[in-house]
Amino acid sequence: MSCENNEPPSLLPKNFSEVIHGEKIADPYRYVEDIQSEEVSQWIEKINNHSLNTLNSLSNRDKLINTQLSYEKEQTHKISKLRILEKGMYFYLKKLPEEKLAKLYYRNSFESEEFFLYDPNTFGTDKEKEFIINYIKPDWEGSKVVVSLTEKGKEISNMIILDVTSKHPLPYIIDNCWPSATGGIHWSSDNSGFYYVHLPTIDPSSKEFLLNTKTVLYEIGKNPKKLNVIFSKKTNPDLNMTEEDIPVISKPNEKNNFLIGKIGGVDNYWDSYIIEKQNVKKGNWKPFYKKEHKISSYEIFGDTIVFISAKNASNFKLCKTSLQNPNFDEAEVLVPEREKEVIKELAVTSQGIYFVTTENGVKSSLFQINKKNQIKEIKLPKVFGSIRLRSRGYNYPDLWISASGWTTNQIRYHYTNGQLQKQNLNKDNLKEITDNLVIRELEVPSHDGNKIPLSVIYHKNFEPSSQSSMLIEGYGSYGISFSPSFSLDKLIWLQEGGIYAVAHVRGGGEKGDSWHKAGYKETKENTWKDLISCTEYLINHKFTSKGKIAIESASAGGILIGRAITERPDLFAAAVIRAGAMNMLRSEFQPNGPNNTKEFGSIKDSLEFKSLYKMDSYHHIKKGESYPATISIVGLNDPRVVAWDPIKFVARLQNSNSSKKPTLLLADSNSGHGFDETRMKRIEKNANILAFALWQTGHPDYQPE
């Protein structure tokens, strides 16, 4: 280690290499994978402290914290994890402005009185530990509700069952579960129990983590330690599951007499099976639909299954077939593939079938198919970037529409009998600010001529120029679209005179299934090349200039950011990487790695190895290159991207960078992937990111004191 003149400590490379498919690959920071070793753990502590001190020295960083707090105080409360039962009951989490953690509430209808149910602060005997509710699921009648609790961002959970009448938990605690990430839980028809995925090993550092998971049936009142396994690699050998597959069971609705099982994971599509519930213990699952049918979602009513499919339809089509005698290959097409719109959402009510389309991932429209198979558009009060649907079921007319946009916090509507009524549970007072924002939706030619959607947002008082600070986000993996949604931290960026942009790069789902496959495995380099093309466009058209641009992403978006700055370091002033996947050659050796080979590839395959090497940011760092400033934010409890992955990148970049720009690392022993953050953790993280980006893009009010 070395540390001179208040410089942060650095780790020196060590001689290590391996031969993969005949190629010698140097890995000088392989030893950093042991983050518990004295040398590495001491370095992490020192660079973390140095990074915190650096950020704390920035003028007006505290102002960014206070601004967020003041905006949140204008919200009377924040609602999340909303569940609406078929009988009309509402269950949800609510957090008041002064509270650290959200608590569980319910009401019998939207208009009725609210009742408090559960405070996560009461869970456990060790009051030094802080638990967060990360998933809820009431039973069909609303008499009991499963509450999943996780500590320190680990996501892996304990589940309790609350009796709604008494508001007390039942005696048993169910452990070794992760309902927020493994298909949730599904109550049996008579509410006597529920199905969930059990994890044999919950230590993310174990090689057995996320392997050989199994769906079990828990029956209320019985000892959860005695597992009743009904769907797994071991109990269903005829289904040819691999040890990394996640077997998940769902029950479409209360009255159906069957269960649907799927072989899940990171894939967008999967093989599925169906079984009558009385035959579950016998295990004779029948094939239902196959992975090649490319079914993204479905709804079941009566003897009909309506589904969205990408088979021979990159932008998806809406189809239906019989449940008792399904024919997914020759299903009736209700809505054929559309040329410029992707079919995204689906819901069924007694008044018909509803679906949503999106154009370039940023403009959404809502449609209804009535009983006569006529299609009509449901006009909303304004154009929204994102629309989500929920119904009470096919026996009821109620449809709930959750709509959002870049400048619109989620608005919730109730639609029935042709009438649209606002039914917001959340409230805010930010309309006056957001009304002053300008949104431009562009399409930018990439390196190969393909048009990349690019969203650009700025405050009308700060017209773009070559002197504008620019923050660009993107993602580009798993076919996930970067959908328009309101973000308080980005609103603050705009108020500080910055411009915010989102590059809808390939690998996402903005332009359908083919858009995903155009940034997948051997085509993955399109993902970061699209970002580079969007950045060059913004520079050439005087939205900003070199030295004024920060880029940001998280998780698999680390590939996007890391490869952009290693391929074109001259374009960017700063990079923000949250829980980033940076060392893709070592990805499949992480606990979540075997599953991720389905999206990114495996080094066992010689061609996929070459693709993984191309997308590996760590291996593209060059000694003596001048790189932009970077800040990497890591949770040491992360179960998705193991902490040593981005930490190795930081160690190598720090020792290789010839520029005098900072390489910062914030490593939090009480955090995970970032999903289950407490209020102040989220606010402080946002302030650190904004202050860092404003500092590095030259904002005069955010320089070191």
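Note that this is a predicted model, so its numbers are computed, not measured. Residues: numbered from 1 along the sequence shown.
Between F288 and Y273, the distance from one ring center to the other does not fall under 6.0 angstrom. Aromatic ring centres of Y195 and Y218 lie farther apart than the 6.0 Å criterion allows. Between Y475 and F482, the ring centre distance reaches or exceeds 6.0 Å.
For the pair K291 and W270, the cation-pi criterion (under 6.0 Å, within 45° of the ring axis) is not fulfilled. Geometric assessment of R83 against the ring of Y135 yields a positive cation-pi assignment under the 6.0 Å and 45° thresholds. For the pair K81 and Y92, the cation does not sit on the ring face, since its NZ or CZ is not both under 6.0 Å from the ring centre and inside 45° of the axis.
Judged by distance alone, the side chain of N595 and the main-chain N or O of G265 form no donor-acceptor pair under 3.5 Å. Under a 3.5 Å cut-off, the side chain of E345 and the backbone N or O of L389 do form a donor-acceptor pair.
A heavy-atom distance below 4.5 Å is found between the side chains of T349 and Y354. Side-chain contact between V306 and L334 is present, with at least one heavy-atom pair separated by less than 4.5 Å.
The pair D267-K294 fails the salt-bridge criterion, with no side-chain N (NZ, NE, NH1 or NH2) lying under 4.0 Å from an Asp/Glu carboxylate O. A salt bridge does not link D271 to K290: none of the charged nitrogens lies less than 4.0 Å from a carboxylate oxygen. Contact check on D668 versus K152 returns no salt bridge, with no Lys/Arg side-chain nitrogen under 4.0 Å from an Asp/Glu carboxylate oxygen. A salt bridge links K94 to E114: at least one charged side-chain nitrogen sits closer than 4.0 Å to a carboxylate oxygen. The pair K78-E72 does not meet the salt-bridge criterion, since no charged nitrogen lies less than 4.0 angstrom from a carboxylate oxygen. By the 4.0 Å N-to-carboxylate-O rule, E99 lies too far from R679 to be salt-bridged with it.
Pairing each heavy atom of N327 with each of T321, the nearest pair is N-OG1, 3.0 Å. In this structure, Y394 and I300 approach most closely via the heavy-atom pair CD2-O, 4.0 Å. Closest heavy-atom contact between S180 and N134: OG-ND2, 3.5 Å.
Put simply, the residue from N417, D398, N370 that forms a side chain to side chain donor-acceptor pair (under 3.5 Å) with Q351 is N417. Residue P247 is tested with T213, T235, N212, V197 for a side chain to side chain contact (heavy atoms under 4.5 Å, CB included); the sole match is T213.
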Donor-acceptor pairs are to be reported for all side-chain atoms of residues 220-231 against protein atoms at under 3.5 Å, with residues two or more places apart or in another chain.
residue, atom, partner, partner atom, Å
K222, NZ, E219, OE1, 3.3
N223, OD1, K225, N, 2.9
K225, NZ, D175, OD2, 2.5

>> Test ring-ring contact (aromatic ring centres under 6.0 Å, His included) on Y105 and Y90; report intermediate values, then the result.
In response: CA-CA 8 Å; Y105 295 81; Y90 284 57; over 10 Å; no
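Here D203 pairs with nothing under the salt bridge (Lys or Arg N to Asp or Glu O under 4.0 Å) rule; sequence neighbours left out.
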